[in-house]
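Throughout, protein chains are lettered first and strands after them, A, B, ... in sequence-line order, and every chain is numbered starting at 1. Only this structure's heavy atoms are used, side chains among them; waters, hydrogens and symmetry mates stay out.
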Amino acid sequence: MNYSLVIVESPTKVATIQKILGPNFVVASTRGHFADLPEKKGAVDIEHGFAVQYRLTEKGAKTIADLRQQLAGASELIIATDADREGEMIGHLAVEFLQPTVPVKRVRFNAVTADAINEAMAHPTVIDENLVLAARSRRVIDHIYGFHLSPELWRTVRPGLSAGRVQSPALHMVVKREKERMAFVVSEYHGIDMVLAGDPAVTAALRSIDGAEVAASRHFDSTGGLKPGVVALDAQQADDLVMCLDGAPVSVLSVEPKAYRRRAPFPYITSSMLQDAAGRLRLGSKATQSALQSLFEAGHITYPRTDSPHMAPQAVAAARAVAIEMFGEQNVPANARHPKAKKSNAQEAHEALRPTNMSKRTVSGVGTNAKRVYEMIWRRTIASQMIDATGTTTTVSFAVHAEGAGEQCVFTASGTVIDVPGFRLVWAPQTEEEPPMPVFTVGQSCPAGTFTAIAHATKPPARYTEGTLIKALEDDGIGRPSTYASTMQSLRLRYVWSKKGDSALIPTVSAFAVDQVMQVCFAELIDHRFTNQMEDRLDEVVAGDLGYEALLAAFWSAGDGTWTPLEKLIVNGKTLFDPKRTPVLSFGVHPTLGDEVVLRAGRAYKSRGRTVGRPYLACGKKTVSIADDTEMDQLTPEVAFARLLESREPRVLGEHGGIPWRSCAASTART
DNA sequence: CAGTGAGCGAGCTTCCGCTTGACTT
């Protein structure tokens, strides 16, 4: 018995790699991380160089026991964990916990193909200890962040809450968006549409009256302000103008063609997959992730947790071959496309998320969601190797002279003709372009149009969905492919909710309170740039330019010009924040009660086994509680003022002998 | 059940990232 033990992370890869390597190797997996820091505040010894002790997890102990047995008969140990920071740490910990007496090699490959694996096996290296230090730094920063900040939330808002390097900036984005919605002033305005009969019919919108631009949504700002020089029509003006325009002659003022080009998409990575499945299939990130896992386990797709759009050369060739066979050579570029990650912090340990067999358009033996997700992956992958879609977008403006009003009105319409559909043959964009535009020539007169006044209102910025929040996080480099779905779950557990059948993320009142504490006490730490700053320093650790202790000290006690040390913000385990003095929000002075109306988080406490206590509005001594799932963008000052008055009057509970029975509030309410 | 919101104290909570399968409904 003389074999090499090869250790990878995913058990799903084991059989494939075993087959490639042959009988001189035994391939086994760690099933991800098998050791971690203890889940308690003292796990990092801040006083002694931020020393930490990794301990086997419950499942990890079994994994290591199994691996130890397999190692007993091996002549060498080959660490083939993922070629990224966490993979290096897993490899390092494998050596630490297995204590091998045989030689140890490190190999790195980022595709499970014979070429990639044989190439890697031919060039073994050693574990990169700087990469391991960077991984440990990341782990310790996250631990300190979570376990020192969460208790501040227990003290100031309510027990059991949590803060973290990923979840807190994510929550901040959601709350910030809701505050924008609260501050948004809806502007109402009117427009006029002109329909010209024909095939196809053309709908043009009113653009200007006697040279003055007519207001559209883009001319209003979030406070209801209108761009100078722009005219907003009210209902009466719009109706009057429609009357004047009726039957007026229409002529073509200008025809402006513009080149249309949509680039072929990149193949999916985890984040774009989760976004698109949310948008097109209305699937939550958890459902998508589980569909992906089942497709991966059935061998239909490559590794589902990736941040790289790169495809192995063989996969590129296979996708091109399928595209040529189905759509012809004219739709496939002469030179193959080789997508590269746009982001600098991408770890690129895996390929893009793609079919393992390009000729399989659909798969069977998996769930409905998985089937639909697979088809999206297949289409997107083939599309990524096809040519761009090109055509012409034409904008036509029409002059209409309003009888009796002495006004020249200009209407515009635009339409796109796609000459070369390219990738669109297999993968249609989610939002369709305008319909094609019939041919018009300048000066041409048209049959009279039909005019209709249309009421419009500006819309506040949309709430995040799981898909758009994941995109926002990914754009800021926050979070990793393996954690997007679980981050969404933990936000839902404590801080956000959605209405039935809707995917918009609505922050709870508690979320506002938590974000306020974080903003006041730890603004730098919930800034979307924090993770990027951390990543830059981790890169320095990898390069050997920055030490583990120096980095942790910069974070905890020393600061470094960018970071204020956490130790300065938390003195004796507490910040200076006093929730009694600082309400979550203020709605201004109540017009009749005369006191300032404020929102307070309402500290929860246990009473007879039940958790009681909810957020409430306060105005002087008067208070009224509100539900934690109140939609804050609906709680305008007017609504808040009214709520306080409502509860001044005792509720009528019933009637007895003609005398109404009122709630106790009757006896306690003054006046 | 609905409204409340003072103060005390015990005992508890919490991170991110890498992987599945063992659970329940």
Side-chain angles (χ1 to χ4, degrees), chain A residues 8-14 29-41 43-44 57-60 62-63 81-82 84-91 93-94 135-155 157-168 170 289-290 293-294 296-297 303-305 347 349-350 478-487 490 493-494 514 525 531 534 579-580 598 600-607 610-618 621-626 647 650-651 653 663-669:
Chain A
V8 298
E9 288 178 41
S10 165
T12 317
K13 291 177 183 169
V14 167
S29 83
T30 69
R31 297 168 187 270
H33 273 297
F34 48 81
D36 197 10
L37 309 186
E39 295 189 359
K40 54 178 202 213
K41 202 170 176 178
V44 179
T57 59
E58 207 174 313
K59 279 188 197 161
K62 192 184 173 303
T63 303
T81 46
D82 291 352
D84 57 20
R85 200 163 62 209
E86 296 297 325
E88 209 70 7
M89 179 56 106
I90 290 172
L93 291 170
R136 182 182 302 155
S137 305
R138 195 281 305 160
R139 183 68 190 90
V140 169
I141 286 174
D142 285 341
H143 200 279
I144 292 177
Y145 190 129
F147 284 76
H148 283 79
L149 268 55
S150 297
E152 260 311 270
L153 299 178
W154 307 342
R155 181 181 74 83
V157 183
R158 96 176 31 127
L161 297 175
S162 62
R165 175 178 57 82
V166 172
Q167 62 172 279
S168 297
Q289 200 73 69
S290 112
Q293 182 68 17
S294 68
F296 173 59
E297 285 171 9
Y303 197 71
R305 291 173 286 273
Q347 307 238 340
H350 299 96
I478 302 170
R480 301 278 312 136
S482 65
T483 59
Y484 293 129
S486 59
T487 299
S490 57
L493 184 65
R494 298 191 181 90
V514 164
L525 298 182
T531 289
M534 180 190 79
K580 287 201 183 76
V598 296
R600 295 191 175 278
R603 202 180 153 77
Y605 55 92
K606 286 251 168 90
S607 166
R610 280 195 316 151
T611 301
V612 293
R614 10 171 25 190
Y616 61 99
L617 294 167
K621 295 258 180 220
K622 178 81 198 149
T623 64
V624 55
S625 64
I626 60 172
S647 64
R651 282 163 37 97
L653 300 174
S663 65
C664 315
S667 54
T668 53

Shortest side-chain distance from A:D84, nucleotide among B:dC18, B:dC16, B:dT20: B:dC18
At under 4.0 Å between heavy atoms, what does [X] touch on the DNA or RNA strands: base, sugar-phosphate, or nothing?
X: A:G479; answer: sugar-phosphate
X: A:R139; answer: base
X: A:G32; answer: base
X: A:S10; answer: sugar-phosphate
X: A:D82; answer: sugar-phosphate

Given DNA chain B, 5'-ward residue of the pair A:P38 and A:E297, judged by closest heavy atom: A:P38
Whichever of A:F296 and A:R138 has its nearest DNA chain B nucleotide further upstream toward 5': A:R138
Main-chain N/O of A:F34 paired to A:T57 side chain as donor or acceptor, under 3.5 Å: yes
Exam field: side chain A:S490 to backbone A:T487, donor-acceptor pair closer than 3.5 Å: yes
A:V44: side-chain contact (heavy atoms from CB on, under 4.5 Å) partners, not counting sequence neighbours: A:L37, A:I46, A:F50, A:V52, A:V140, A:H143, A:I144
By side-chain contact (heavy atoms from CB on, under 4.5 Å) - contacts of A:S162 (at least two apart): A:S150, A:Q167, A:R494, A:Y495
Calculate the interatomic distance between [X] atom [atom1] and [N] atom [atom2]; express it in whole Å.
X: A:Q289; N: B:dT20; atom1: CD; atom2: C1'; value: 13 Å
X: A:R85; N: B:dG17; atom1: CZ; atom2: P; value: 9 Å
X: A:M534; N: B:dC16; atom1: CE; atom2: P; value: 11 Å
X: A:M89; N: B:dC16; atom1: CE; atom2: P; value: 17 Å
X: A:K62; N: B:dA22; atom1: NZ; atom2: C1'; value: 13 Å
X: A:I90; N: B:dT20; atom1: CD1; atom2: P; value: 11 Å
X: A:I478; N: B:dC15; atom1: CD1; atom2: C1'; value: 15 Å

Partners passing salt bridge (Lys or Arg N to Asp or Glu O under 4.0 Å) against A:K62 (at least two apart in sequence or in another chain): A:D66
Set of residues satisfying salt bridge (Lys or Arg N to Asp or Glu O under 4.0 Å) with respect to A:R305, sequence neighbours excluded: none
Measuring to OP1 and OP2 of [N], would you say a side-chain N or O of [X] lies under 4.0 angstrom away?
X: A:R614; N: B:dT4; value: no
X: A:R165; N: B:dG17; value: yes
X: A:R31; N: B:dG21; value: yes
X: A:R305; N: B:dT20; value: yes
X: A:T483; N: B:dC16; value: no
X: A:T12; N: B:dT20; value: yes

Does the side chain of [Y] come within less than 4.5 Å of [X]'s, by heavy atoms?
X: A:T483; Y: A:V166; answer: no
X: A:M89; Y: A:T81; answer: no
X: A:P11; Y: A:R31; answer: yes

Taking N or O atoms only and anything under 3.5 Å, show me the protein contacts with nucleotides 12-14 of chain B, one pair per line.
| from | atom 1 | to | atom 2 | distance (Å) |
| --- | --- | --- | --- | --- |
| B:dT13 | O2 | A:G160 | N | 2.4 |
| B:dT14 | OP1 | A:R494 | NH2 | 2.9 |
| B:dT14 | O2 | A:G146 | O | 3.3 |

Polar side chain donor-acceptor pair, A:Q289 to A:Q293, under 3.5 angstrom: no
Bracket string, DNA chain B, 5' to 3' - pairs by Watson-Crick or G-U geometry under 3.5 Å, | interstrand: .........................
Sidechain N-carboxylate O distance under 4.0 Å for A:R85, A:E88: no
